[in-house]
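All values derive from a computational prediction rather than experimental measurement.
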Amino acid sequence: MTPEARTDATEASHMDEVDVNPGVDRATEPDEEQVLRELYGEPDKDGIFRGEGSA
């Protein structure tokens, strides 16, 4: 078994412990989107704040 496969299996075993709400990527606080923009820059085309290219 590779470490990657073991990690995937370990992570999958914890899926019942995480928020699987379909709206989990949406801001829940009024200023959350602004804070994310300040920390990570603009979101990508899918609306995800990845922080890529910022330093």
Side-chain angles (χ1 to χ4, degrees):
M1 175 183 286
T2 66
E4 294 83 10
R6 186 175 61 248
T7 299
D8 291 345
T10 301
E11 289 177 4
S13 72
H14 292 284
M15 282 304 294
D16 63 334
E17 300 172 23
V18 298
D19 187 353
V20 292
N21 182 318
V24 73
D25 61 323
R26 293 185 183 90
T28 57
E29 299 295 327
D31 66 342
E32 186 174 352
E33 187 170 342
Q34 180 59 36
V35 170
L36 290 172
R37 285 179 190 278
E38 290 172 8
L39 289 172
Y40 303 112
E42 294 299 311
D44 66 10
K45 65 182 176 82
D46 296 319
I48 308 232
F49 294 91
R50 299 187 189 274
E52 295 174 349
S54 61

Is a donor on one side and an acceptor on the other found under 3.5 Å between the side chain of Asp44 and the backbone of Gly47?
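Answer holds: yes.
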Could you see if Tyr40 belongs to whatever hydrophobic cluster contains Val35? Use Ile, Leu, Val, Met, Phe, Trp, Tyr and a side-chain cutoff under 4.5 Å.
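Same cluster.
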Interatomic distance, [X] atom [atom1] to [Y] atom [atom2] [nearest 0.5 angstrom]:
| X | Y | atom1 | atom2 | value |
| --- | --- | --- | --- | --- |
| Asp31 | Arg37 | CG | CZ | 13.0 Å |
| Glu33 | Phe49 | CD | CZ | 4.5 Å |
| Gln34 | Leu39 | CD | CG | 10.0 Å |

